[in-house]
Amino acid sequence: QARGKENWEQYKDVCLFHADVSKPFQLLNEIGDPMKFNIVTAWEFFEHPLPEEIPHIIQNIKNHMMPGSFLVGTINLSSGLHHRCAKPHEWWDDMFMKHNFEVLQYPFSTSPRTNMEFLHNLYQSKINPQPGQENMRFVDQEVVREEFNYPVCYRLKE
């Protein structure tokens with residue numbers, strides 16, 4: 001049984017919804033204005049869609065990002081029936097560069113367990129670095145990276 005299954009039983013169509021992120025969509029705030037984000041996270045997600053769906057997914061993500069914002073997360077590079085887009089890390093970097101992202105050195109070790117304070121500090125350090133912190137590496141001590149996870153940090157160009 002999948003972890004969290006009871007949440008879907010209790011909250012389906014209340015605050016949990018299924019969506020196909022390869023199809024066009026738009027997130028709107030309470031007054032109907034499009035929402036834009038400074039940080040988008042994707043943990044163990046991109047390896048699941050089909051390769052031909054990836055460009056549409058990246059475009060949908062870009063539609064919800066502010067210029068200069070970050071996409072951070074991990075891509076599992078291991079093959080398997082449920083990993084329909086098991087590609088090498090060079091393929092992923094090239095795909096994001098084709099969509100106007102720059103590839104940044106992954107400056108931290110993190111996972112879905114990372115807290116919002118950690119991500120906020122990372123974002124602040126990148127948009128407003130203090131003298132001497134330009135090349136600072138952030139490490140979430142609670143996380144141990146697995147070898148098959150490719151940690152990504154892409155920045156949407158201005």
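FYI, side chains are in, hydrogens and waters are out, and symmetry mates aren't considered; it's all heavy atoms of this structure. Just so you know, these numbers come straight off a predicted model, no measurement behind them.
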Chemist: Just how far is it from atom CG of L77 to atom CH2 of W92, taken to the nearest 0.5 Å?
Modeler: 9.0 Å
Chemist: Ring-plane angle category for H48 and H83, please: parallel below 30°, perpendicular beyond 60°, tilted otherwise.
Modeler: perpendicular
Chemist: Where do V152 and F101 land on the side chain to side chain contact (heavy atoms under 4.5 Å, CB included) test, with the steps shown first?
Modeler: CA-CA 12 Å; V152 295; F101 283 86; over 6 Å; no
Chemist: Report yes if some heavy atom in the side chain of Y154 is under 4.5 Å from a heavy atom in the side chain of L104; otherwise report no.
Modeler: no
Chemist: Among residues at least two apart in sequence or on other chains, which ones pass salt bridge (charged side-chain N to carboxylate O under 4.0 Å, His left out) with E158?
Modeler: R155
Chemist: Enter the distance from E47:CD to S79:OG here, rounded to the nearest 0.5 Å.
Modeler: 11.5 Å
Chemist: Name all residues meeting the salt bridge (charged side-chain N to carboxylate O under 4.0 Å, His left out) criterion together with D93; count only those two or more places apart in sequence or in a different chain, and write none if there are none.
Modeler: none
Chemist: Give a yes or no on this: more than 12 heavy atoms of other residues, nucleotides or ligands lie within 6.0 Å of atom NZ of K36.
Modeler: yes
Chemist: Would you say CE of M97 has more than 12 non-hydrogen atoms from neighbouring residues, nucleotides or ligands within 6.0 angstrom?
Modeler: yes
Chemist: Could you tell me the separation between the OG1 atom of T41 and the CG atom of L71, rounded to the nearest 0.5 Å?
Modeler: 8.0 Å
Chemist: So how far is it from E44 CD to Y150 OH, rounded to the nearest 0.5 Å?
Modeler: 14.5 Å
Chemist: Quick check, are the ring centers of F46 and F96 under 6.0 angstrom apart?
Modeler: yes
Chemist: Are D94 and E90 close enough that some pair of their side-chain heavy atoms sits under 4.5 Å apart?
Modeler: no
Chemist: Any link between F45 and V103 through a network of hydrophobic side chains (Ile, Leu, Val, Met, Phe, Trp, Tyr) touching at under 4.5 Å?
Modeler: yes
Chemist: Taking all non-hydrogen atoms of both residues into account, name the closest pair between D33 and I31 and its distance.
Modeler: OD2-CD1, 3.2 Å
Chemist: Looking at CH2 of W43 and CD1 of I75, how far apart are the two atoms once the value is rounded to the nearest 0.5 Å?
Modeler: 11.0 Å
Chemist: Would you confirm whether N38, through its side chain, and M66, through its main-chain N or O, come within 3.5 Å as a donor-acceptor pair?
Modeler: no
Chemist: Could you state the interatomic distance from CE (M95) to NZ (K98), rounded to the nearest 0.5 Å?
Modeler: 6.0 Å
Chemist: Is any side-chain heavy atom of M35 less than 4.5 Å from a side-chain heavy atom of Q26?
Modeler: no
Chemist: So, for I39 and S69, which heavy atoms are closest and what is the spacing to 0.1 Å?
Modeler: N-CB, 4.5 Å
Chemist: Could you walk me through whether R84 and E53 pass side chain to side chain contact (heavy atoms under 4.5 Å, CB included), step by step?
Modeler: CA-CA 10 Å; R84 300 183 301 169; E53 295 173 322; 3.9 Å; yes
Chemist: Please report the shortest heavy-atom distance between P51 and C85, naming the atom on each side.
Modeler: CA-SG, 3.7 Å
Chemist: Checking K157 now: which residues fulfil side-chain contact (heavy atoms from CB on, under 4.5 Å) with it, not counting sequence neighbours?
Modeler: N100, E102
Chemist: Does CZ in F37 sit with more than 12 non-hydrogen atoms of other residues, nucleotides or ligands closer than 6.0 Å?
Modeler: yes
Chemist: Could you state whether L156 and L27 fall into the same hydrophobic cluster, counting links through intermediate Ile, Leu, Val, Met, Phe, Trp or Tyr residues with side-chain heavy atoms under 4.5 angstrom apart?
Modeler: yes
